[in-house]
Each structure stands twice: as C-alpha cells, then as structure tokens.
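A note on names: the letters A, B, ... follow the listed sequences, proteins ahead of strands, and every chain is numbered from 1. What's counted below: heavy atoms across the whole structure, side chains too, no hydrogens, waters or symmetry copies.
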Protein chains: 2
Amino acid sequence: MLTQTGEYALRALVYMARKGSDAYCGVKEIAQETGVPANYLAKILQQLARAKVLESQKGFGGGFKIARRLDRVTLFDIIDPLERIDKFKQCVLGQRLCNDQVACPLHHTWKAISGQYLGSLRSTTLQDVADFRRHADAVEHVEE
Amino acid sequence: MLTQTGEYALRALVYMARKGSDAYCGVKEIAQETGVPANYLAKILQQLARAKVLESQKGFGGGFKIARRLDRVTLFDIIDPLERIDKFKQCVLGQRLCNDQVACPLHHTWKAISGQYLGSLRSTTLQDVADFRRHADAVEHVEE
DNA sequence: AACCAATCAGACGCTAATGTCCTAATTTAG
DNA sequence: CTAAATTAGGACATTAGCGTCTGATTGGTT
C-alpha cells in the first residue's frame, strides 16, 4: 500500500507541518522526533526538495522547510516523487488492451479501488492534517 | 498497493475462475496464459494451497484448482496469505498510542483509505469477476 | 581567513522480494 | 512395473528497497 520510504516521508512532513515554524528544520531534529533513520531521511528529503515540495538550505541554521502553503501540499504530492504511483494506471492482469471500453475482468473493480486511494491522497492536504491535530489537542485539553 | 506476488496470484486465480473447469489446471498452462514466470508461479500456488484457497494434485493430469465455490473466494483471501496485510492496522506515523479515541494526525484519514481498500478486496469474489467477464464477452459478441 | 554546521552526492553493504534450478515425491498411463 | 507428468521443497542467483558512511559543497560565525 505505502512503501517504507513513503511512510517516512509522511512522518517527516506531518511533523514539519505541525511544527508550523517558517524556519529551516534540521534533519537530525526530524529524525529524532519521528523515529526515522537520520541518514536515510536525508535522502528522502533531498528527493522531495528536487521535486519542489521542500526547500533546502545548506550551512549553519540550514535544513528543510515546506516550499508551499500547507493547503497546497497534498499527501499525493509527498508520496508521488518517492514511489511508482504510475503502477496504478497499468492493468492488474497485465493485459495490453485494458480500458473503460475494452476491460479486463478486474478493470472496473481495480479502477474503483485505486481511484478511492488516489482520490484520498489528492484531496488531503497538510493543512487538513495540521488542523486536525490542533483540534485533537483542544479536545484532549477539554477532557482533562 | 499490491505486491508483484499478489498481482501474479490474482492473475492466476482470475484465469482459473474464468476457465470454469472443475479439472486440475497445470502450472505451465496458467503461466503461459497469464505471463507469470512459471517456476515462481508454482511457489505462489503452493502457498495458496497451504492456505486452503487451492487444492493441488500431483502426477499426470494433476495441477491446481480452486478449493471452494467461486462466490466464497474473495480477492482478500487470495492476497492475504502472500502479503503482510496486517501492516494496515499499524499507525502510519509509527506512534504507539493511536486509536479512534487517541489518534495521530493521520489516523482518521488513513483508516478511511485502508478501510475502503480492504473493504473492496473483501467484498469482491471470484464469482463477481467471472460473471463480469462473461457479460463483457457477451457485449463484445453483440457489437460484432 | 578560518572554522563550524548543515545539506548534497555518491559509494557501499544488508536484507527481503523476486526469480531460477534441481532433486525428490506422487500419481496416472501403458 | 516402468515411464512420464506433475507438484513439493529446498538451494541458489538476481534485483530492488532500505540503510549507512564518507567526502564535497555551501553558507554563516568568529
């Protein structure tokens, strides 16, 4: 469903989004807080920087930060550069000819399944995630 | 989403279901028709036999056949013995404490996504797939 | 200018998934 | 009974994902 790399990326970006600061955030800190191996996380964040999802800054006080407004970054944006999402477009049964008109036995079933998955990833933004968290915190606070 | 092994299993079982015969079906034939590497497919089918999804028969005229009525075999039954579907139950962000009450920022989003996925796999049977195919064949025939 | 903090880039190793091959064990045909 | 067909099972090879390490580069601090 989600590769290890993709999960690590989600962990890191959710952490950064939730932190909310506009300053650059170091790899060590993110790794520490999310439990992702630091060196490997660095590779992942570099890829996301190349994909323009993050901005990076070398040197003292440098690190990574989210390149766009939180409501303009979807979960799909984060996972897409790291995994082969285009797999979804190919026929599960491996038939060359498989589309809405001429469909393999699994075409419609699989299109529905993958459509729901991709749709959810595309419609959920980091803003949604950050908002939810704050709401949950508030609820917790009220319950105390 | 779906591992290579799982995809191969789907290809093979859909082929067998569609063929509709109650006789044992040889690995070579299935491999030929589905484009799956024969030796690897053999391993996969053996696993499904151990999981009671298939029955196997050695010797001349032997092979594999589906062990239950087609409407009692879901796509989930086919994929489950081959992949670690239990991954879905774990928190995406890796938090130890994450459930409906105390949720991580992604809990609800991810629960919805994986729920749709697993639900589709569990509610689709080989009978559905075989039926669809026959219907599609009929449509093709009419169009000629 | 010298130094330090941090990313960048590439090489390297480990592990699991994928794929191949060979030898048994089993069943049927003749 | 023998030979052929076929799965069962294990050993092995290949590949890709995951993870580590080292040196280079960049930018700020002193």
The criterion is side-chain contact (heavy atoms from CB on, under 4.5 Å); which residues satisfy it with [X], sequence neighbours excluded?
X	result
Thr74(B)	Phe76(B), Asp77(B), Thr125(B)
Arg50(A)	Gln46(A), Gln47(A)
Gln90(A)	Asp86(A)

Got a sec, which residues hit ring-ring contact (aromatic ring centres under 6.0 Å, His included) with Phe60(B), two or more places apart in sequence or on another chain?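 With neighbours one apart ignored, the set is empty.
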Report each atom pair, protein N/O against N/O of nucleotides 7-11 of chain D, whose distance is under 3.5 angstrom.
| residue | atom | partner | partner atom | Å |
| --- | --- | --- | --- | --- |
| dT7(D) | OP1 | Val27(B) | N | 2.9 |
| dA8(D) | OP1 | Ser56(B) | OG | 2.6 |
| dG10(D) | O6 | Lys43(B) | NZ | 2.7 |
| dA11(D) | N6 | Lys43(B) | NZ | 3.3 |

Ser120(B): which residues meet the side-chain hydrogen bond (donor to acceptor under 3.5 Å, both in side chains) condition with it, sequence neighbours left out?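 Once residues adjacent in sequence are excluded, Ser120(B) has no partner under the side-chain hydrogen bond (donor to acceptor under 3.5 Å, both in side chains) criterion.
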By side-chain hydrogen bond (donor to acceptor under 3.5 Å, both in side chains), which residues pair with Tyr40(B), not counting sequence neighbours?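 Per chain and number, Tyr40(B) pairs via side-chain hydrogen bond (donor to acceptor under 3.5 Å, both in side chains) with Thr5(B).
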According to salt bridge (Lys or Arg N to Asp or Glu O under 4.0 Å), does anything in residues 95-108 of chain A pair up with another residue at least two apart or in another chain? List the pairs.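 Passing the test, one end in residues 95-108 of chain A: Asp100(A)-Lys111(A).
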For DNA chain D, find the residues of residues 31-39 of chain B with a heavy-atom distance under 4.0 Å and give them by number; none if there aren't any.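 Result for residues 31-39 of chain B: none.
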Mind checking what makes salt bridge (charged side-chain N to carboxylate O under 4.0 Å, His left out) contact with Lys65(B), not counting sequence neighbours?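 For Lys65(B) the salt bridge (charged side-chain N to carboxylate O under 4.0 Å, His left out) partners, ignoring immediate neighbours, are Asp22(B).
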Atom pairs and distances, side-chain donor-acceptor, residues 25-39 of chain B, under 3.5 Å, sequence neighbours left out:
| residue | atom | partner | partner atom | Å |
| --- | --- | --- | --- | --- |
| Glu29(B) | OE1 | Lys19(B) | NZ | 3.3 |
| Glu29(B) | OE2 | Tyr15(B) | OH | 2.6 |
| Glu29(B) | OE2 | Lys19(B) | NZ | 2.7 |
| Thr34(B) | OG1 | Ile30(B) | O | 2.7 |

Between protein and nucleotides 12-17 of chain C, map the contacts as a letter string: B base, S sugar-phosphate only, - none, heavy atoms under 4.0 Å, written 5' to 3'. ------
